[in-house]
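Taking it in order: structure first as structure tokens, then the write-up.
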Amino acid sequence: MITGLDHIQLAAPPGTEDALRAYYVGVLGMTETLKPAPLAARGGCWFEAGTAHLHLGTDPAHHPSAKAHPGLSVTSIDALAARLTAAGAPVTWDHDLPGRRRFYSTDPAGNRLEFLECLEALELLEPLVSSELRRG
């Protein structure tokens with residue numbers, strides 16, 4: 001039976017690997033992982049952060065989906081939105097999901113990405129942060 005999610009596969013046009021690396025490593029702070037030798041010859045690149053594993057494979061006929069996307073859990077969502085904006089990536093906030101702050105963006109290949117931060121986690125951390133600030 002299913003025990004979890006191993007990875008998400010997205011597509012990108014051939015030759016976009018450097019732009020993808022700049023985005024996923026440089027902007028999002030993910031780590032590139034080496035592809036196994038038999039797969040490396042196909043192009044593309046793999047990234048991970050925490051339990052999120054994204055595989056980007058090349059597809060000459062790549063057409064990004066307007067709707068399909070991975071949802072990535074994040075912390076410091078405002079700082080991430082600012083980093084993406086500074087890098088020229090779009091940030092579209094969506095306030096329709098109770099208990100979460102979230103926005104959508106796209107990678108250099110046009111793949112839609114959703115970034116979510118749990119409000120409950122923020123509410124639990126607030127007393128700790130306030131306490132630390134009071135202690136100086």
Side-chain angles (χ1 to χ4, degrees):
M1 295 300 143
I2 296 173
T3 60
L5 181 63
D6 185 77
H7 69 277
I8 299 287
Q9 172 80 32
L10 299 173
T16 59
E17 289 89 348
D18 287 342
L20 294 169
R21 286 181 181 102
Y23 177 82
Y24 284 98
V25 175
V27 179
L28 295 185
M30 297 183 84
T31 301
E32 183 171 7
T33 58
L34 293 177
K35 293 177 69 172
L39 301 178
R42 300 179 188 172
C45 33
W46 291 2
F47 305 97
E48 65 181 39
T51 60
H53 297 265
L54 293 176
H55 295 179
L56 283 111
T58 59
D59 180 356
H62 173 61
H63 296 286
S65 173
K67 191 75 173 164
H69 61 273
L72 301 168
S73 296
V74 302
T75 59
S76 305
I77 197 165
D78 292 311
L80 178 59
R83 285 181 68 155
L84 287 165
T85 299
V91 171
T92 305
W93 288 94
D94 183 322
H95 305 285
D96 294 337
L97 185 61
R100 301 265 166 62
R101 293 190 65 220
R102 70 177 177 167
F103 66 82
Y104 294 93
S105 190
T106 55
D107 72 7
N111 293 306
R112 185 177 192 220
L113 304 171
E114 179 181 7
F115 299 94
L116 306 103
E117 185 169 36
C118 179
L119 289 176
E120 185 176 298
L122 291 174
E123 291 165 0
L124 291 173
L125 286 175
E126 188 174 328
L128 296 173
V129 171
S130 295
S131 174
E132 283 296 315
L133 291 175
R134 282 192 299 275
R135 287 194 312 189

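Values reported hereafter were calculated over all heavy atoms of this structure, with side chains retained and with hydrogens, waters and symmetry mates removed.
Each of Tyr24, Phe47, Trp46 was checked for a ring-ring contact (aromatic ring centres under 6.0 Å, His included) with His55, and the lone residue meeting it is Trp46.
Within the 4.5 Å cutoff, the side chain of Leu28 has heavy atoms near those of the Phe115 side chain. The shortest side-chain heavy-atom distance between Asp94 and Leu97 does not fall under the 4.5 Å cut-off. Proximity of Leu10 to Pro70: side-chain heavy atoms (C-beta onward) are separated by under 4.5 Å at one or more points.
Note that CG of Leu56 and CD1 of Ile8 are 11.0 Å apart. Values are rounded to the nearest 0.5 Å. Going from atom CZ of Arg102 over to atom CD1 of Ile77 covers 10.0 Å, rounded to the nearest 0.5 Å. Leu54 CG to Gln9 CD: the interatomic distance, rounded to the nearest 0.5 Å, is 9.5 Å. Note that CG of Leu80 and CD of Glu117 are 9.5 Å apart. Values are rounded to the nearest 0.5 Å. Note: His53 NE2 to Thr31 OG1 = 10.5 Å, rounded to the nearest 0.5 Å. Put simply, NE2 on His7 and OG1 on Thr33 are 10.5 Å apart, with the number rounded to the nearest 0.5 Å.
Two different hydrophobic clusters hold Leu116 and Leu84 under the rule that ILVMFWY side chains link at heavy-atom gaps under 4.5 Å.
Judged purely by atom type and a 3.5 angstrom limit, Lys35 uses its side chain to pair as donor or acceptor with the backbone of Gly43. With Ser65 contributing its side chain and Arg112 its backbone, the two residues share no donor-acceptor pair below 3.5 Å. For Thr106 (side chain) and Asn111 (main-chain N/O), no donor-acceptor pair under 3.5 Å exists by modelled atom type. Judged purely by atom type and a 3.5 angstrom limit, His62 uses its side chain to pair as donor or acceptor with the backbone of Ala109.
Contact between Thr58 and Gly44 at its shortest, heavy atoms only, is CG2-N, 3.4 Å. The shortest non-hydrogen separation linking Met30 to Ala52 is CE-O, 4.2 Å.
Ring-plane geometry between His69 and Tyr104 is classed as perpendicular, the angle between the planes exceeding 60 degrees on a 0 to 90 degree scale with a lower cut at 30.
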